[in-house]
There are 2 protein chains.
Amino acid sequence: MSGTSLDGIDVAIVDIQGRRIQPVAFHSTPYEERVRQAILGVSNTTATTAEIARLHFLLGQLYAGAVQQACRRSRIPLNSIRLVGCHGQTIYHQGEKAPFLGRSVAATLQIGEAGVLAEQLGVPVVSDFRTRDMAAGGRGAPLVPYVDYLLFRHPRKGRVALNIGGIANITAIPPNAQPAKVIAFDTGPGNMVIDALATEFTRGRQHFDRNGRIARQGRLDRRLLNRLLAHPYYRQPPPKTAGREQYGVEFIARLRKLLPLQDLITTATALTTAAIALGIDRFIKPRMRVDEIIASGGGVHNRTLMAYLQAFLPNIRITRSDEFGIDPDAKEAVAFAVLAYETNRRRASNLPSATGAAHAVVLGKITC
Amino acid sequence: MSGTSLDGIDVAIVDIQGRRIQPVAFHSTPYEERVRQAILGVSNTTATTAEIARLHFLLGQLYAGAVQQACRRSRIPLNSIRLVGCHGQTIYHQGEKAPFLGRSVAATLQIGEAGVLAEQLGVPVVSDFRTRDMAAGGRGAPLVPYVDYLLFRHPRKGRVALNIGGIANITAIPPNAQPAKVIAFDTGPGNMVIDALATEFTRGRQHFDRNGRIARQGRLDRRLLNRLLAHPYYRQPPPKTAGREQYGVEFIARLRKLLPLQDLITTATALTTAAIALGIDRFIKPRMRVDEIIASGGGVHNRTLMAYLQAFLPNIRITRSDEFGIDPDAKEAVAFAVLAYETNRRRASNLPSATGAAHAVVLGKITC
């Protein structure tokens with residue numbers, strides 16, 4: 001898995017037998033700065049087709065290397081790996097259809113050539129998970145809810161799985177729910193805005209607000225927070241997805257004019273958590289009881305963020321996915337291992353209630 | 001199949017049982033001019049990532065539509081189709097490795113999202129045929145030689161399958177050959193240069209030189225022809241591939257300064273055929289007897305071109321693939337149906353002797 005935060009490549013090694021899902025190792029390989037810049041380059045503005053194609057193949061090599069490294073570090077022989085799921089790096093995502101050359105198309109583009117992984121690792125690879133859901137009328141996201149459902153459903157408890165990556169998203173699983181009853185959507189920014197601001201604040205020495213220390217020392221501007229929360233996205237009912245487009249370069253540039261950097265980081269931290277709380281209050285609580293939130297993603301290490309979250313949701317128990325045997329940093333990567341497994345078994349694994357697809361489909365492409 | 005000539009989408013419906021390959025229908029759907037322009041736009045220069053992603057999904061729709069149309073026209077029920085092979089539209093191809101961000105990468109990019117085809121047609125789709133061969137160190141091209149070998153090998157005759165598409169390529173199959181003895185490479189331009197010049201000459205009313213009429217009325221400039229043939233590509237031993245890069249906008253612009261358009265078209269027609277003859281004389285004849293040439297591709301309809309070819313190769317019988325039950329316009333499309341079938345059976349179908357790959361691999365990705 002490599003997410004919109006562009007911090008690098010997450011490899012989860014997972015032992016899956018039927019419905020038993022057992023993470024056994026996790027390893028992260030950060031992107032080199034020049035790779036990160038190249039990805040940002042093709043994601044934000046115009047690019048040459050050559051650059052995209054080369055990056056596509058280069059990332060295939062880097063992903064294969066990351067899997068090899070994860071195996072070495074965890075002393076798991078590479079030849080015991082049976083299947084690889086590779087999300088790829090999203091360089092474009094437009095979940096909603098829009099007119100294009102006389103037709104109506106939604107579009108997404110993940111790069112990281114699966115053929116390179118299959119060749120270097122000698123195992124089948126499942127890739128390109130999002131496209132088929134979009135072909136079936138879905139937004140191609142979120143896809144993790146299906147795995148959240150497998151991992152966290154409970155006969156009596158209502159649970160919300162919360163992932164705070166670049167974007168924050170939730171999967172709400174009512175007690176004893178059928179898949180169709182699961183509600184899932186992106187609540188808004190996760191760490192993306194905080195990361196961009198923290199990078200500026202530390203002049204590139206850090207790419208995130210370690211432990212939430214910067215945010216803790218800044219001032220929360222409630223007026224700005226309320227203005228940001230007034231954006232129609234937060235009021236729009238699910239299913240819905242947010243992306244780099246919404247909280248990228250332009251969003252940051254507009255914020256920069258309004259407050260000193262440190263106060264912006266505090267306010268952005270509040271925005272992430274307030275948007276999560278707002279999403280749960282507005283769209284989940286009216287439909288189910290919420291006994292606990294199971295948090296994962298890089299955001300769980302941001303203490304200021306987690307404190308704000310508890311403050312915005314005073315009556316809900318907030319736990320972390322490690323309580324369920326899943327490293328919070330590894331959850332998205334674990335999810336794509338599970339999705340690859342399902343595809344290899346020819347099982348559908350999108351949740352139409354989460355993506356908006358017309359029906360469930362077998363996700364992705366298989367490279368033998 | 002949709003080739004570098006950008007004329008449109010070729011659909012071949014093929015009945016394959018074991019080693020019996022029986023083309024049953026063929027239908028071409030031309031690209032709308034704005035689609036053609038959009039593909040040229042992302043192929044030649046800089047593009048926005050959004051445009052590439054949208055075109056990727058749009059082409060998926062157009063390809064699916066072309067298959068549906070081919071079925072309707074030939075009165076073959078769509079639900080009798082078991083598998084689709086989709087080459088996609090190449091928007092970038094760099095068969096040789098080159099330094100990139102501190103690594104060495106070759107790269108190729110075909111667009112036309114297979115998930116859209118699978119969803120619209122309700123059948124599995126094999127796509128992205130070239131990447132795995134490149135991951136194994138090959139140039140990702142040519143891939144048709146494997147199919148030429150299946151179709152045309154003969155116990156006593158030495159045969160050369162010649163395809164004159166945008167680029168011209170040959171597959172030389174010695175009598176009673178093993179796959180490793182097949183020699184295949186791109187000889188140089190096919191119709192690409194002629195098409196570009198004919199489009200200018202007719203001010204866009206035609207995109208090719210119908211029946212070779214323009215070329216027949218022009219003057220062949222032997223000095224220019226010899227200068228063009230002095231390019232090192234024609235002397236380089238196979239395996240080798242040529243592409244839009246070599247004979248694209250810049251090549252045409254340089255030619256335009258040298259001769260009147262009509263004479264250029266005649267000379268370009270001679271270049272295509274002389275380069276084919278040169279490739280056969282230099283790299284095939286020293287290694288095998290050549291009893292006949294089996295021609296296919298749009299170029300076979302260009303009478304001036306075919307006459308030049310026979311003149312440049314006076315002692316070889318030149319036939320067309322229809323003698324073998326394969327419409328010359330359909331051959332490339334038939335080939336990718338066969339390659340999809342092989343992949344679906346998990347059979348390797350690149351010829352390392354043709355692509356330069358380190359070993360044979362199962363080509364492509366399967367969308368269920």
Side-chain angles (χ1 to χ4, degrees), chain A residues 32 34-35 38 42-58 60-62 91-94 98 100-109 111 113-120 125 127-128 130-137 343 346 358 361-368, chain B residues 32 34-35 38 42-58 60-62 64 91-94 98 100-109 111 113-120 125 127-128 130-137 343 346 361-368:
Chain A
E32 271 181 65
R34 58 183 167 178
V35 173
V42 301
S43 302
N44 280 322
T45 55
T46 58
T48 68
T49 306
E51 212 181 339
I52 292 174
R54 287 177 192 149
L55 207 47
H56 182 40
F57 276 71
L58 178 78
Q61 291 184 18
L62 299 182
I91 61 168
Y92 185 74
H93 189 81
Q94 173 206 316
F100 180 65
L101 299 179
R103 299 220 168 196
S104 177
V105 297
T108 191
L109 199 55
I111 58 171
E113 172 52 44
V116 176
L117 277 119
E119 182 64 22
Q120 274 185 233
V125 176
S127 61
D128 251 349
R130 301 196 185 275
T131 60
R132 183 66 183 280
D133 177 80
M134 292 172 74
T343 295
R346 307 295 190 273
V361 292
V362 177
L363 298 174
K365 303 188 176 88
I366 301 171
T367 301
C368 303
Chain B
E32 272 180 65
R34 58 182 166 179
V35 172
V42 301
S43 302
N44 279 323
T45 55
T46 57
T48 67
T49 306
E51 211 179 339
I52 293 173
R54 287 177 192 148
L55 207 46
H56 183 39
F57 275 72
L58 178 78
Q61 290 183 19
L62 299 183
I91 61 169
Y92 185 75
H93 189 81
Q94 173 206 318
F100 181 64
L101 298 180
R103 300 217 168 199
S104 177
V105 297
T108 190
L109 199 55
I111 58 172
E113 172 52 44
V116 175
L117 278 118
E119 181 65 23
Q120 273 184 233
V125 177
S127 61
D128 250 351
R130 302 195 185 274
T131 61
R132 182 65 182 280
D133 177 80
M134 293 174 74
T343 295
R346 307 296 189 274
V361 292
V362 178
L363 298 173
K365 302 188 175 89
I366 301 171
T367 300
C368 303

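Small disclaimer: the values here were computed from a predicted structure and weren't measured. Convention: sequence-line order gives letters A, B, ...; per-chain numbering from 1.
For B:Ser127, the part lying near chain A is the side chain, with the backbone staying farther off; criterion is any non-hydrogen pair under 4.5 Å. When heavy atoms are compared at a cutoff of 4.5 Å, B:Asp133 does not approach chain A at all. With a 4.5 angstrom heavy-atom cutoff, B:Val362 touches chain A only via side-chain atoms. Heavy atoms of B:Ile111 lying under 4.5 Å from chain A are absent altogether. Both the backbone and the side chain of B:Arg34 come within contact range of chain A, each with at least one heavy atom under 4.5 Å from a heavy atom of that chain. Looking at B:Ala106, only its backbone comes within 4.5 Å of chain A, counting heavy atoms on both sides. For B:Ala38, the part lying near chain A is the side chain, with the backbone staying farther off; criterion is any non-hydrogen pair under 4.5 Å.
Comparing A:Leu55, A:Leu101, A:Val105 by how many heavy-atom pairs each has under 4.5 Å with chain B, the most go to A:Leu101. Ranked by non-hydrogen atom pairs under 4.5 Å with chain B, the options A:Gly115, A:Gly364, A:Ala53, A:Ser104 are led by A:Ala53. When each of B:Thr131, B:Leu109, B:Thr367 is scored by its heavy-atom pairs under 4.5 Å with chain A, the top score falls to B:Thr131. Interface check for chain B: of the options A:Thr108, A:Val116, A:Ile52, the most heavy-atom pairs under 4.5 Å are formed by A:Thr108. For the set A:Glu32, A:His56, A:Gln61, A:Glu51, the count of heavy-atom pairs under 4.5 angstrom toward chain B peaks at A:Gln61. Counting heavy-atom pairs under 4.5 Å between each of B:Gly60, B:Ala114, B:Gly102 and chain A puts B:Gly102 at the top. Heavy-atom pairs under 4.5 Å with chain B peak, among A:Arg103, A:Gln94, A:Met134, at A:Arg103.
Using modelled atom types, no side-chain atom of A:Thr49 and backbone atom of B:Tyr92 make a donor-acceptor pair closer than 3.5 Å. Checking side-chain atoms of A:Gln120 against main-chain N and O of B:Ala135 turns up no donor-acceptor pair under 3.5 Å.
Exactly one residue among A:Lys365, A:Arg132, A:Arg130 makes a salt bridge (charged side-chain N to carboxylate O under 4.0 Å, His left out) with B:Glu113. That residue is A:Lys365.
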